[in-house]
Structure formats: structure tokens, C-alpha cells
Amino acid sequence: MNKLLDTLCGGLAAVALFGIMALTLVDVSGRKLLSASVPGSLELTEILMVLVIFAALPLVSRHGEHVVFDSLDRWLPAGVRRVQQAAVDLLCAAAMLGIAWLMWDKAGQMLGYGETTAQLKLPVGAFVYVMSALCAATALVHVALLLRPVEHHHPGV
């Protein structure tokens, strides 16, 4: 399951990041050489950046690469650190699940209203559904870490 998550989320983030790089190259080159910009390049860059960020969320959580404050950890007993990490994973899972649910609801409303991007007329709700699904995947990662902590994610546990 971990390999599938790494492949799907990592692949999505990589493709989106490459898309941003290629789009920027073509857009800047077109502006400098042909005095013509790629239509909707700002919108596409924004959408691709959202994909990079939200696809990375489950990976950052799974690999324990988020920002942590661990200055006091060396003085805490292992049992307290386990309880602390379980509480953090539970809180993160609940928060990400709540955000996913709110975003899913908002995506439905956006599609219902027919909300689109200004220039390219892409349906915004579809991208919000993807963001919601990736938040839900992040919540599931934290539930899995709650049930089965891993050493590299929780040093000393």
C-alpha cells in the first residue's frame, strides 16, 4: 500500500511540477522571442501548484518530513512520546478528514454553480474534488501511523 501511495502521489506531484517547468519555459520563451504569452498560463500554473502541494501532503505525512518541534523530546520518556505522537496523529487525521469533507462539499457546490477559471473556463470544482481526495488520503496515512507507528517517523518510539 505504501508503494502505491508513493507511486501515485509522487507521480502526480512530479508530473505537475514538470508541467509547471515546461509551461514556464514555453511561456517565457514565447514572451521574449515572439512577444506572445501562453494563454491561461497563470491559471494553469496555479492549478498545477495546487496539485504539487496536495499530492505531497500524504507523502510528507507518511515519511515524517513535516516541521516538528522536538527540543523537549530527549527529556521525555518513550511512553510519553508514544502517547504524544498518537495524539498528534489522531488530531492530524481528524483535521485532514474534516478539511476533506468541507472541500468535497464545496466542490459539489462549485460544480453546481458552474464555477470555472476566468480565462480557460476549466471547472474549478473538479480540482477541489482532487484536493479533497488527497486530504482524505493524508488523513488515512495518519490513521495508519496511529495504528502502526514506524521508527523513521517517530524517533525513539
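- Residues Leu120 and Leu111 do not share a hydrophobic cluster, defined by chaining ILVMFWY side chains whose heavy atoms lie under 4.5 Å apart.
- With rounding to the nearest 0.5 angstrom, the CZ atom of Arg82 is 12.0 Å from the CD atom of Gln85.
- Cluster membership for Val88 and Val80, using ILVMFWY side-chain heavy atoms within less than 4.5 angstrom, is not shared.
- At distances below 3.5 Å, at least one donor-acceptor pair connects side-chain atoms of Arg81 with backbone N or O atoms of Leu76.
- Of all heavy-atom pairs spanning Ala16 and Leu51, the tightest one is CB-CB, 3.9 Å.
- With rounding to the nearest 0.5 Å, the separation of CD in Glu46 from OG in Ser41 is 9.5 Å.
- Across every non-hydrogen atom of Ser61 and Leu145, the tightest pair is O-CD1, 3.5 Å.
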- Can you check side chain to side chain contact (heavy atoms under 4.5 Å, CB included) on Thr138 and Leu97, steps first, answer last? CA-CA 8 Å; Thr138 305; Leu97 203 54; over 6 Å; no
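- Between the side chain of Glu43 and the backbone N or O of Ala118, at least one donor-acceptor pair lies under 3.5 Å.
- With contacts defined as side-chain heavy-atom distances shorter than 4.5 Å, the pair Leu122/Leu44 qualifies.
- Here CG of Leu134 is found 13.0 Å from CD1 of Ile99. Values are rounded to the nearest 0.5 Å.
- In this structure, CD1 on Ile20 lies 13.0 Å from CG on Asp27, to the nearest 0.5 angstrom.
- Looking at every heavy atom in both residues, Thr116 comes nearest to Val124 through C-CG2, 3.7 Å.
- Residues Leu57 and Met96 have side chains in contact (heavy-atom distance under 4.5 Å, counting atoms from C-beta outward).
- Residues Val15 and Phe127 do not share a hydrophobic cluster, clusters being chains of Ile/Leu/Val/Met/Phe/Trp/Tyr side chains in contact below 4.5 Å.
- Under the 4.5 Å side-chain heavy-atom criterion for Ile, Leu, Val, Met, Phe, Trp and Tyr, Met21 and Val52 are members of distinct hydrophobic clusters.
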- Query: Taking it one step at a time, do Leu59 and Glu65 satisfy side chain to side chain contact (heavy atoms under 4.5 Å, CB included)?
  - Reply: CA-CA 8 Å; Leu59 300 178; Glu65 295 174 346; over 6 Å; no
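- Cys135 has its side chain within reach of Met103: a pair of non-hydrogen atoms, C-beta onward, lies under 4.5 Å apart.
- The shortest heavy-atom contact between Tyr129 and Gly108 is OH-CA, 3.3 Å.
- With values rounded to the nearest 0.5 angstrom, Met110 atom CE is found 11.0 Å from Asp105 atom CG.
- With contacts defined as side-chain heavy-atom distances shorter than 4.5 Å, the pair His63/Asp6 qualifies.
- Cluster membership check: Leu8 does not share its hydrophobic cluster with Val50, using side-chain heavy-atom separations under 4.5 Å among Ile, Leu, Val, Met, Phe, Trp and Tyr.
- Of all heavy-atom pairs spanning Leu5 and Pro58, the tightest one is CD1-CB, 4.1 Å.
- Residues Ala100 and Ser132 approach most closely at O-OG, 2.6 Å, considering heavy atoms.
- Put simply, OG on Ser37 and CG on Leu42 are 9.5 Å apart, with the number rounded to the nearest 0.5 Å.
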- Message: If you apply the rule side chain to side chain contact (heavy atoms under 4.5 Å, CB included), what do you find for Leu146 with His142, and how did you get there?
- Response: CA-CA 6 Å; Leu146 180 64; His142 281 285; over 6 Å; no
- Message: With side chain to side chain contact (heavy atoms under 4.5 Å, CB included) as the criterion, how do Lys106 and Leu102 come out once you've worked through the C-alpha distance, each side chain's angles and the decisive distance to 0.1 Å?
- Response: CA-CA 6 Å; Lys106 185 64 175 175; Leu102 290 171; over 6 Å; no
